[in-house]
Amino acid sequence: MDKIDLGKGGEPRQQTEDRDETMTSAQGAPMADDQNSLKAGPRGPVLLEDHMMREKIFHFDHERIPERVVHARGYGVHGHFELTEAIPELSCADIFQRVGEKTPTFTRFSTVAGNKGSPDVARDVRGFATKFYTQEGNWDLVGNNIPVFFIQDAIKFPDLVHSVKAAPDRGFPQAQSAHDNFWDFISLSPEAVHMTLWTMSDRAIPRSFRFMEGFGVHTFRLVNAKGKSHYVKFHWKPRQGLQSVVWNEALKINGADPDFHRRDMWDAIDAGDYPRWDLGIQVFDDDFADQFEFDILDATKLIPEEQVPVRIIGTLTLDANVDNFFAETEQVAFCTQNIVRGIDQTNDPLLQGRNFSYLDTQIKRLGGPNFTHIPINAPKCPVRHFQQDGHMAMHNPKGRVNYEPNSWGAEGGPRENPKLGFESYPAEVEGVKQRVRSETFADHYSQARQFWISQTETEQRHIANGYTFELSKCQEERIRLRMLSHLMNVHDDLAAMVAKGLGVSDMPDPATPARAPITDLPPSDALSILKNGPDSFAGRKLGLYVSDGADAALVAALEDSFEKEGAMVAIVAPHIQGAKLSDGSMKAADEKIDGAPSVVFDAVALVFSQEEGKTLAADKPSQDFLSDAFAHAKFIAWTDAAKPLMKQVGVADKIDGGMIEIDKGNVDAFVTTCRKLRFWERETM
Ligand code: HDD
């Protein structure tokens with residue numbers, strides 16, 4: 001039984017049994033009736049005196065805090081980082097010293113443009129922000145799932161964000177970049193062209209947060225105990241491999257399950273299938289920076305892994321869902337300026353602007369300077385300073401000394417520690433104060449071209465289709481053509497494919513590059529999703545559609561083989577009560593067919609009885625289930641009883657290598673086939 005601590009002036013008093021579960025007001029006063037307000041007579045007016053009602057409604061009225069101005073829709077999870085390779089020669093950051101040591105973390109994934117209630121699978125960049133609660137303070141790595149950014153200078157960030165978000169007059173479109181304002185801004189900002197190659201690629205429609213990479217984007221510094229500095233780029237490599245959905249599928253997922261990504265994360269962690277990412281670093285020095293084709297301070301450029309390999313130094317495991325979405329996911333406050341001894345900033349003008357913006361925005365969102373007192377933001381190491389007071393101050397030091405230097409000896413409070421304390425790397429700085437963009441930032445197309453030539457044909461087709469879709473939503477021809485003039489500088493094939501998609505036969509002149517010539521760089525495999533896909537079906541989901549009378553042994557074999565693979569199996573049936581299988585057993589359904597279109601699965605299997613197969617052929621949701629799975633190049637397992645449905649949707653005479661006729665004997669072969677991402681050949685058949 002809890003004790004009530006009365007603090008000064010009273011002895012702790014034992015709670016009574018009755019009180020344990022009793023609802024109280026915020027003041028702790030037990031509530032007798034939470035159903036009825038205080039009235040003058042049963043039908044009389046409500047009395048202002050009703051402090052219980054006023055308190056409850058007042059609190060409700062203030063429940064919301066401003067949503068994030070970008071990255072409003074996000075999902076946070078707890079985890080830990082385990083160091084697998086110590087790097088004291090590079091950095092004295094405490095987190096990087098002891099192999100095997102685990103540091104608690106909180107990671108929030110997000111979309112950028114949409115409001116808090118927008119659908120998860122919008123075409124958008126994904127945020128990948130991790131707070132490491134290190135023993136020497138919190139380190140926030142606030143990155144994205146794309147290694148480059150749209151703009152080079154933070155002063156352009158409000159314009160970029162205004163252009164992509166809803167137009168100020170009409171308040172739409174929501175959670176998408178397929179509109180005039182966005183492409184107007186982009187086509188007038190050639191530095192953004194490279195990043196649009198990424199956002200038009202399938203990277204911007206990931207299958208789930210679990211199957212995407214993360215990047216710190218900027219060049220940072222690692223500084224060792226002797227004060228020596230190296231440059232570094234941070235990478236998160238998913239152990240699950242890379243995987244995305246296709247665009248038509250994304251549109252449908254957003255209708256079928258707007259929470260697709262958060263549900264996926266919740267379910268995986270809930271089931272103990274913890275996603276993991278390796279933390280990689282690309283380390284380089286001034287010599288490399290000087291001979292690299294681009295400026296390492298330009299956030300619209302990456303450093304190809306072929307030029308500076310990614311060295312893996314640790315693993316992030318996400319292993320606990322939040323207990324309270326608001327307290328943790330909403331209130332977590334990431335700040336790029338939260339760095340620790342051994343890690344430092346560089347002069348990247350985008351990063352420098354971010355270092356102002358994040359602290360500023362948290363004060364607005366969380367209401368005051370004491371947001372570091374909120375448990376999700378509070379460091380897990382000791383915090384001692386003379387900052388005090390302010391709204392909602394939770395940590396209030398005792399004693400009379402709140403300044404330094406002071407001469408109060410031991411009771412004088414914390415002191416600086418030059419041995420342990422954070423030191424900025426003493427980089428030399430000189431220059432004339434001026435508002436300019438460095439000449440070294442001027443090549444806007446070479447890396448965009450490198451990205452294009454590094455993709456497989458399937459990915460190139462998807463990118464071209466992405467541009468075609470988005471630009472087709474632009475009503476202004478001048479904007480479509482201006483964008484096309486940039487794509488001509490990226491690659492002739494890309495420009496031709498998009499022009500064809502838009503129906504443009506009269507090509508515009510190519511945009512004049514800020515710097516010519518555009519360089520032909522070698523392809524880099526690391527830039528492709530399909531070259532880095534998973535090699536198993538683990539972590540993915542089979543939609544097993546069963547009818548009454550379905551072969552019980554086959555259903556069991558499928559469940560067994562996919563579960564052994566580490567995959568999830570969802571039973572879909574015509575009724576939520578489930579299906580009565582051939583052996584008379586009742587198979588409970590996870591989903592009724594109408595609520596589980598095939599877009600929410602990675603592969604599907606159709607196991608019907610002959611009789612039910614005929615009935616289901618005439619059922620619209622069943623037809624959509626199969627025709628979408630086929631259209632989205634998914635692997636489909638079928639039995640003879642599914643033939644009427646296959647005929648009905650016109651795929652019976654199109655059986656290809658992605659459609660496997662199954663029986664108990666070849667279920668494992670189906671699992672092996674599904675290890676590939678999709679049967680991409682079908683897209684061009
Ligand atoms: Fe930002 C949030 C990532 C440029 C200003 N940003 C935010 C989040 C992520 C990023 C992942 C969500 C954090 C969370 O989950 O709470 N932002 C990036 C990356 C950038 C970037 C990778 C470029 C490399 N951002 C950027 C610039 C500015 C901002 C240039 C301003 C000049 N970003 C913000 C912000 C946000 C934010 C307004 C909104 C909510 C928040 O900070 O906490 O301060």
Side-chain angles (χ1 to χ4, degrees), residues 65-78 105-116 120 124-131 138-165 189 191-192 194-195 198-199 203-204 206 209 212-220 233-236 261-262 265 296-302 318 322 325-338 345-346 348-367 371-372 374 376-377:
I65 60 171
E67 68 172 35
R68 289 165 174 83
V69 59
V70 279
H71 296 264
R73 181 154 178 93
Y75 207 64
V77 278
H78 297 271
T105 58
F106 188 75
T107 299
R108 184 173 178 275
F109 300 101
S110 48
T111 51
V112 180
N115 289 355
K116 208 177 148 221
D120 276 351
D124 201 350
V125 181
R126 296 300 181 290
F128 190 141
T130 299
K131 194 180 278 296
N138 289 352
W139 170 39
D140 293 355
L141 184 56
V142 196
N144 281 339
N145 73 331
I146 290 178
V148 291
F149 203 62
F150 290 111
I151 48 169
Q152 297 171 322
D153 190 315
I155 198 170
K156 296 311 299 165
F157 191 68
D159 300 293
L160 166 72
V161 174
H162 288 175
S163 81
V164 75
K165 284 211 165 218
S189 313
E191 71 206 68
H194 181 199
M195 174 112 167
W198 290 78
T199 57
R203 297 250 178 185
F209 297 133
M212 59 186 208
E213 289 180 300
F215 303 91
V217 181
H218 309 281
T219 299
F220 293 91
K233 293 242 186 208
F234 292 106
H235 294 245
W236 290 118
H261 283 166
R262 55 190 52 205
M265 183 60 84
I296 58 142
L297 301 179
D298 172 359
T300 66
K301 307 297 184 304
L302 52 85
L318 301 183
V322 296
F325 182 84
F326 178 82
E328 296 154 71
T329 305
E330 270 310 274
Q331 294 201 119
V332 67
F334 293 97
C335 295
T336 50
Q337 73 271 25
N338 289 354
Q345 317 282 0
T346 58
D348 174 342
L350 195 74
L351 177 59
Q352 302 264 328
R354 292 181 75 191
N355 289 340
F356 163 72
S357 184
Y358 288 73
L359 181 61
D360 191 39
T361 208
Q362 308 311 350
I363 291 170
K364 164 88 178 170
R365 276 196 330 112
L366 298 166
F371 65 84
T372 52
I374 299 173
I376 195 69
N377 295 320

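In each ligand, atom 1 is the first atom listed, and ligand 1 is the first ligand listed.
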**Q** Give the residue, atom name and distance (to 0.1 Å) of the protein heavy atom nearest atom 11 (C) of ligand 1.
**A**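 Closest protein heavy atom to atom 11 (C) of ligand 1: G143 O, 3.2 Å.
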**Q** Does any non-hydrogen side-chain atom of R68 lie less than 4.5 Å from one of E330?
**A**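 When only atoms from C-beta onward are counted, R68 and E330 do touch, with a gap below 4.5 Å.
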**Q** Could you verify whether a donor N or O on one side chain and an acceptor N or O on the other, from N377 and T372, lie under 3.5 Å apart?
**A**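 No, T372 and N377 have no side-chain donor paired with an acceptor closer than 3.5 Å.
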**Q** Just going by heavy-atom distances, which of Y358, F128, F215 is nearest to atom 37 (C) of ligand 1?
**A** Y358
**Q** Out of F157, F356, F334, indicate the one that has the non-hydrogen atom closest to atom 31 (C) of ligand 1.
**A**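 Nearest heavy atom to atom 31 (C) of ligand 1 lies in F157.
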**Q** Could you pull out, from D140, N355, T300, T361, the option with a heavy atom nearest to atom 41 (C) of ligand 1?
**A**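 Residue with the shortest heavy-atom distance to the ligand atom: T361.
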**Q** Could you tell me if K233 sits above the aromatic ring of F215, with its cationic atom closer than 6.0 Å to the ring centre and no more than 45 degrees from the axis?
**A**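 The answer is no; the distance or angle limit is not met.
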**Q** Going by the order shown, which atoms of ligand 1 are within less than 4.0 Å of some heavy atom of R108?
**A** 14 (C), 15 (O), 16 (O)
**Q** Identify which one of L160, T300, V125 satisfies the side-chain contact (heavy atoms from CB on, under 4.5 Å) criterion when paired with M195.
**A** V125
**Q** Among all protein heavy atoms, pick the one closest to atom 38 (C) of ligand 1 and tell me residue, atom and distance.
**A** V69 CG1, 3.4 Å
**Q** Provide, to 0.1 Å, the distance between atom 22 (C) of ligand 1 and the closest protein heavy atom, together with that atom's residue and name.
**A**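 So the nearest neighbour among protein heavy atoms is N144 ND2, 3.1 Å.
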**Q** Before accepting this row, confirm whether a basic side-chain N of the pair K156/D153 lies closer than 4.0 Å to the acidic partner's carboxylate O.
**A**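 Salt bridge flag = no for D153 with K156.
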**Q** Can you tell me how far apart NE2 (H261) and OG (S110) are? Round to the nearest 0.5 Å.
**A**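 That separation rounds to 12.0 Å.
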**Q** With a cutoff of 4.0 Å, is G74 in contact with ligand 1, counting heavy atoms of the residue only?
**A** no
**Q** Please state which part of V70 comes within less than 4.0 Å of ligand 1, counting heavy atoms only: side chain, backbone, both or neither.
**A** both
**Q** If the cut-off is 4.0 Å to any non-hydrogen atom of Q362, which atoms of ligand 1 fall inside it?
**A**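 That gives atoms 41 (C), 43 (O) of ligand 1.
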**Q** Counting the benzene-type ring for Trp, do W236 and F109 have ring centres under 6.0 Å apart?
**A** no
**Q** Minimum distance, heavy atoms only, to atom 16 (O) of ligand 1: which one of E67, R68, H71, K364 is it?
**A** R68
**Q** Where does V217 meet ligand 1, judged by heavy-atom distances below 4.0 Å: at the side chain, the backbone, both, or neither?
**A** side chain
**Q** Provide the number and element of each atom of ligand 1 under 4.0 Å from a heavy atom of L350.
**A** 23 (C), 24 (C), 30 (C)
**Q** Does atom CD1 of I155 have more than 12 heavy-atom neighbours, drawn from other residues, nucleotides or ligands, at distances under 6.0 Å?
**A**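 No, CD1 of I155 has 12 or fewer neighbouring heavy atoms, counting only those of other groups under 6.0 Å.
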**Q** With a sphere of 6.0 Å drawn around CZ of F326, does it hold more than 12 non-hydrogen atoms of other residues, nucleotides or ligands?
**A**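 Correct, the count exceeds 12.
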**Q** Quick one: nearest non-hydrogen protein atom to atom 35 (C) of ligand 1, plus distance?
**A** S357 OG, 3.8 Å
**Q** Can you list the atoms of ligand 1 that are under 4.0 Å from a heavy atom of H218?
**A** 24 (C)
**Q** R108 vs H71, test: side chain to side chain donor-acceptor pair (under 3.5 Å). Steps then yes/no.
**A** CA-CA 10 Å; R108 184 173 178 275; H71 296 264; 5.5 Å; no
**Q** Using a 3.5 Å cut-off on N or O atoms only, is R354 in polar contact with ligand 1?
**A**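 It does: an N or O of R354 is found under 3.5 Å from an N or O of ligand 1.
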